[in-house]
Amino acid sequence: MIERQVVIGADGRAKAYRPLPAEVRIAAVVAGLEAYAAGDYFEAHELMEPAWMGTADPAERALIQGLIKVAAADVHAVRGNPTGVRRNLEGARDRLQSGAAGTITGVDLDVPGLVNSIEARITALDEAGRDGPLTIDWRRR
């Protein structure tokens, strides 16, 4: 029988955990950020998901999941679903803030800048119904 590995989240619920070596996680996050920058938001989401599930570090998981939710917000934007955009941006902001003390192995990420961009995008949605993808400031270490 295969033993399932789980990580307990801050909310007390078991989360998916499929351990991946750091270099595989780095490659997944970098590929996802590159896809996001190229405007392929669905692919960005898909590429980063194994990295999120592949680390047991709660702060790293929160940061990666925040990036995934930014990409998911843009999937909803392409589909014309402002409610999905808002919910994913709010989830991204919350996860990025909760993981702000952590790092993503192998990636320098401007978390405060990204959170500010998310807040500005939410405000733009509220004020004028405008929406558009964010710029994620990052570089490989």
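The shown structure was predicted, so the numbers you read here are calculated from the model rather than taken from an experiment. Throughout, residue positions are numbered sequentially from 1 according to the sequence presented.
Taking CZ from Phe42 and CZ from Arg79, the interatomic distance works out to 7.0 Å, rounded to the nearest 0.5 Å. Gln65 CD to Met53 CE: the interatomic distance, rounded to the nearest 0.5 Å, is 10.5 Å. To the nearest 0.5 Å, the span separating CZ on Arg95 from CZ on Arg61 amounts to 11.0 Å. Between Asp74 atom CG and Arg121 atom CZ the span is 4.0 Å, to the nearest 0.5 Å. How far CD of Glu49 is from CD1 of Ile64: 11.0 Å, rounded to the nearest 0.5 Å.
The two residues Met48 and Gly32 come nearest to each other via the heavy atoms CG-CA, 3.7 Å. Between Lys69 and Gly91, the shortest heavy-atom distance links the atoms CD-C, 3.7 Å. Nearest heavy-atom pair across Tyr41 and Val78 is CD1-CG2, 4.1 Å. Of all the heavy atoms in Val85 and Ala73, the pair that sits closest is CG2-O, 3.3 Å. Considering every non-hydrogen atom in both Glu60 and Asp57, the closest pair reads N-OD1, 2.9 Å. Considering all non-hydrogen atoms of both residues, Gly66 and Ala92 come closest at O-CB, 3.3 Å.
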Please step through side-chain contact (heavy atoms from CB on, under 4.5 Å) for the pair Leu63 and Leu67, ending with a clear verdict. CA-CA 6 Å; Leu63 292 174; Leu67 293 173; 5.9 Å; no
side-chain contact (heavy atoms from CB on, under 4.5 Å), that's the test. Do Glu34 and Leu47 meet it? Break it down for me. CA-CA 10 Å; Glu34 289 172 343; Leu47 288 168; over 6 Å; no
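In this structure the side chain of His76 never reaches within 4.5 angstrom of the side chain of Arg87, judged on heavy atoms. Annotation: side chain of Asp110 is in contact with side chain of Pro112 (closest heavy-atom distance under 4.5 Å). The side-chain heavy atoms of Arg93 and Ile122, taken from C-beta on, include a pair separated by under 4.5 Å. You'll find the side chain of Ile136 reaches within 4.5 Å of the side chain of Leu109, heavy atoms only.
For the side-chain contact (heavy atoms from CB on, under 4.5 Å) criterion with Ile118, the lone passing option out of Asp94, Asn88, Leu89 is Leu89.
Leu20 and Val29 end up in different hydrophobic clusters when Ile, Leu, Val, Met, Phe, Trp and Tyr side chains are linked at under 4.5 Å. The hydrophobic clustering, which links ILVMFWY residues whose side-chain heavy atoms are closer than 4.5 Å, places Ile104 and Val24 apart.
No side-chain donor-acceptor contact under 3.5 Å links Gln97 to the backbone of Val115. A donor-acceptor contact shorter than 3.5 Å is absent between the side chain of Arg18 and the backbone of Pro50.
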